[in-house]
Amino acid sequence: MENTLRDPQKLPGWGIDANPENDPTYPMREPRMNVSQDPDSKHRPASLQPEDVEVLKSIERPNVSAVFGESSPPVGLSGMIRRFAFKYSESHYGHWLPLLLADRVNVVEGIIEDLGQGKVPNIFAEKGYAAEWKHNRTAFVAKMATIAAVTIGSILILTRDNDKKNKYQY
Amino acid sequence: MLAMDYRGPKRVRATQKPMPEIKHPQDAIVRVTRSCICGSDLHLYNGNVPDTRVGMTFGHEFCGIVEEVGSEVTKIKVGDHVLVPFNVACGECHFCKQGMFGNCHESNTQASAVGGIFGYSHTAGGYNGGQAEYARVPYANVGPTVIPEGMDPDDAVLLTDVVPTGYQAAEMAGIQKGDTVVVFGAGPVGIMAARCSWLFGAGRVIIIDKEDYRLEFARNYANCEAYNFEKDMDDPVVFIKKQTDFMGADCVIDAVGAEAAGNAMQTITGRKLLLQAGSATAMHWAINSVKKGGVVSVVGVYGPTDNLIPMGNVLNKGLTIRGNQASVKRLLPRLIEHVQNGVINPKALITHRIPLEEVAEGYRLFSAKLDNCIKPLLVFPSSNI
């Protein structure tokens, strides 16, 4: 690959948006509106989405936003951890670290949920390994071999400990 | 309906899910015709964004046909083919009134910094996204924009995020005519930021990444200089200083965010242990390689976890270093004009078309940078456009 310096003025569109008259560019050009200058700064839409599922709410705002997503309401142990997290503000470790923990717990819950529905998750397919197999086969095989070797090694070490215990039992 | 289904870090699948419903009078239901996987989706995919719940559908770059509208929707009608900006924005709150549609105060209950974003964890509102056959689109009078006649839907779908985010990155960099602009990250947004930097009159544009194929793409698409930080230099900051007569670049754009490579300590603490808001390597390079009094523009997504600086909030709240989620609605008229005039050619970024059924392979392909993937587009069994 080779880099060459170009004359930018010959590029299509060069400088086309450099003129501040070109709205809507330069968003900071207008003086920033103060909350106190906005006669309706607390404006809310007339209609509010009904809360028919549990929605966790940041303690940094007084109310539930007029619309919200409800893709995955809090459930189970992960839901309990999430409810705990939402007792803290967004500037606190107590908020974000429990949420990360809840996400990991939620993964296990997802597998249990699948099994409960008689569905064994196809981890190979869900991880998209077919793409690795097709486009990155050598590295993929090496990675899998490493994981297998580490796993087998761990099992052997654990087994060896058991043998030692037996060896000195009379 | 068929939809992408998040099952945990690096695990997704296509699953049958219930059809979305109108939940608010300003909602619309859209039958998705195009949907992309975005580089920011990879932060979710890798499990780096807190409150990303199992069962969620990602996807904040999509367009589709309006199937149903709520009683208060007047700006679009059933049958319209619309592009849907990634922001969920009411258009009426204090922040929307200032054009900060990415910071709407009436679309995200669960965090106060960022507004609602389709398919982007509960930290961004908990909305299911558009990597599905159908999607619920709140505030349908505000965001969804009818695709202009004659515009290729492949161009339109990239106007929902990649193009505006790249454009706003250049805009926020405060580029003056003749400036030297450095862009960290040659993903789709970085490439678009480099391309758009010329529109503001840059005199020199340099893009830095570690994947040769992406650099080659950027060199051709954005007409910029492109360098590999693993092969062409020992230290990116020193390299840029040398390139700029030891002054530093006038403007630097961070188009990488939390997944940055290039520093082992950042990788361990930020990407692996999640003890800070992702790996801040690109952010460090940006701050250290810009000239004194220069401008750093941040569109790389950082997580909201504790850090020395809450960088995620600098991005999400639009503070001055100048970072923000792109306010797509504000920029759309100008960008549609640029696409129609041939100044920007968004669809040239699309390198892969992947059936929704194979979404797991699509994510793996994009995440692992396989098969020279720049931008994957999901195609839908129910879409015939």
Side-chain angles (χ1 to χ4, degrees), chain A residues 1 3 5-6 8 11-18 22 24-27 32-33 35 38 41 43-45 47 49-50 55-58 60-61 64-72 82 90-91 93 96-97 99-100 102-103 106-107 109-110 121 123 125-132 135-136, chain B residues 7-8 10-13 23-25 47 50-57 72 90 92-94 98-99 106-113 125-128 138-139 171 177 198-203 212 215-216 219 223 225-226 274 304-306 330-331 334 343 360-361 363-365 368 370-371:
Chain A
M1 293 192 290
N3 286 298
L5 288 174
R6 297 160 199 268
L11 297 172
W14 183 82
I16 197 170
D17 289 336
N22 282 339
T25 60
Y26 299 91
R32 190 172 59 190
M33 184 168 56
V35 172
D38 178 0
S41 65
H43 177 88
R44 305 209 73 202
S47 306
Q49 181 178 338
V55 184
L56 299 176
K57 185 171 78 67
S58 167
E60 295 186 29
R61 58 174 301 137
V64 171
S65 55
V67 302
F68 51 83
E70 45 185 18
S71 62
S72 305
R82 292 189 208 284
E90 293 154 58
S91 63
Y93 259 130
W96 299 114
L97 290 184
L99 284 178
L100 283 167
D103 289 348
N106 201 191
V107 172
E109 290 173 335
I123 304 289
E126 289 174 359
K127 283 187 169 286
Y129 281 147
E132 289 270 7
H135 299 291
N136 194 29
Chain B
R7 305 310 298 173
K10 294 185 191 296
R11 271 183 60 216
V12 301
R13 66 190 182 208
K23 296 284 184 183
H24 182 267
D51 219 356
T52 303
R53 301 181 192 172
V54 166
M56 187 165 198
T57 295
E72 293 178 13
C90 73
E92 299 174 17
C93 71
H94 179 71
Q98 298 184 68
E106 287 294 351
S107 60
N108 186 3
T109 286
Q110 295 169 85
S112 63
Y127 299 93
N128 274 324
Y139 297 130
E171 182 192 67
K177 276 192 174 175
W198 297 118
L199 307 185
F200 292 91
D212 280 335
L215 291 166
E216 183 64 24
R219 193 176 282 119
N223 291 300
E225 296 167 62
L274 300 179
T305 47
D306 272 332
R330 177 176 64 80
L331 299 168
R334 185 71 173 155
V343 170
E361 289 170 48
Y363 268 89
R364 174 66 64 170
L365 194 80
L370 304 175
D371 198 30

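A, B, ... follow the sequence lines: proteins, then strands. Residue 1 opens every chain. Remember, predicted model here, so these are calculated numbers, not experimental data.
Rounded to the nearest 0.5 Å, atoms CD (A/Glu126) and CZ (B/Arg13) are 4.5 Å apart. Rounding to the nearest 0.5 angstrom, the gap separating the NE2 atom in A/His135 from the CG atom in B/Leu365 is 5.0 Å. Interatomic distance, B/Asp51 CG to A/Leu99 CG, rounded to the nearest 0.5 Å: 4.5 Å. The distance from the CG atom of A/Leu100 to the CG atom of B/Leu274 is 5.5 Å, given to the nearest 0.5 Å. In this structure, the separation between OG on A/Ser71 and CE on B/Met56 is 4.0 Å, given to the nearest 0.5 Å.
Between chain A and the options B/Gly55, B/Cys93, B/Gly47, B/Ala368, heavy-atom pairs under 4.5 Å are most frequent for B/Gly47. Annotation: maximal heavy-atom pairing with chain B below 4.5 Å, among A/Arg44, A/Glu109, A/Arg61, occurs at A/Arg61.
Looking at A/Asp17, its side chain never comes within 3.5 Å of a backbone N or O of B/Phe200 through a donor-acceptor pair. Within the 3.5 Å criterion, the main-chain N or O of A/His43 finds no donor-acceptor partner in the side chain of B/Glu92. Checking side-chain atoms of B/Arg364 against main-chain N and O of A/Ala131 turns up no donor-acceptor pair under 3.5 Å.
B/Ser112 approaches A/Ser58 most closely through the heavy-atom pair N-OG, 4.4 Å. Between B/Pro138 and A/Val67, the shortest heavy-atom contact is CB-CG2, 4.0 Å. Across all their heavy atoms, B/Tyr127 and A/Gly69 have their closest contact at CE2-N, 3.4 Å. In terms of heavy atoms, B/Arg334 sits closest to A/Ile16 at NH2-O, 3.3 Å. Counting all heavy atoms, side chain and backbone alike, B/His24 lies closest to A/Ala66 at CD2-O, 3.8 Å. Closest approach of B/Glu106 to A/Val64, counting heavy atoms only: OE1-O, 4.5 Å.
Using a 4.5 Å heavy-atom threshold, the side chains of A/Trp14 and B/Lys177 count as touching. Contact check for B/Gln98 versus A/Asp38: no side-chain heavy atoms found under the 4.5 Å cut-off. No side-chain heavy atom of B/Val343 sits under 4.5 Å from any side-chain heavy atom of A/Pro12. Under the 4.5 Å side-chain criterion, counting only non-hydrogen atoms from C-beta, B/Arg7 is not in contact with A/Pro121.
With a 4.5 Å cut-off on non-hydrogen atoms, A/Leu56 touches chain B through its backbone and its side chain both. Of the two parts of A/Asn106, the backbone and the side chain both hold a non-hydrogen atom closer than 4.5 Å to a non-hydrogen atom of chain B. For B/His94, the parts lying under 4.5 angstrom from a heavy atom of chain A are both the backbone and the side chain. Only the backbone of B/Asn108 comes within less than 4.5 Å of a heavy atom of chain A; no side-chain atom from C-beta onward does.
Every residue two or more places apart in sequence or in another chain that forms a side-chain hydrogen bond (donor to acceptor under 3.5 Å, both in side chains) with A/Glu70 is listed here: B/Lys23.
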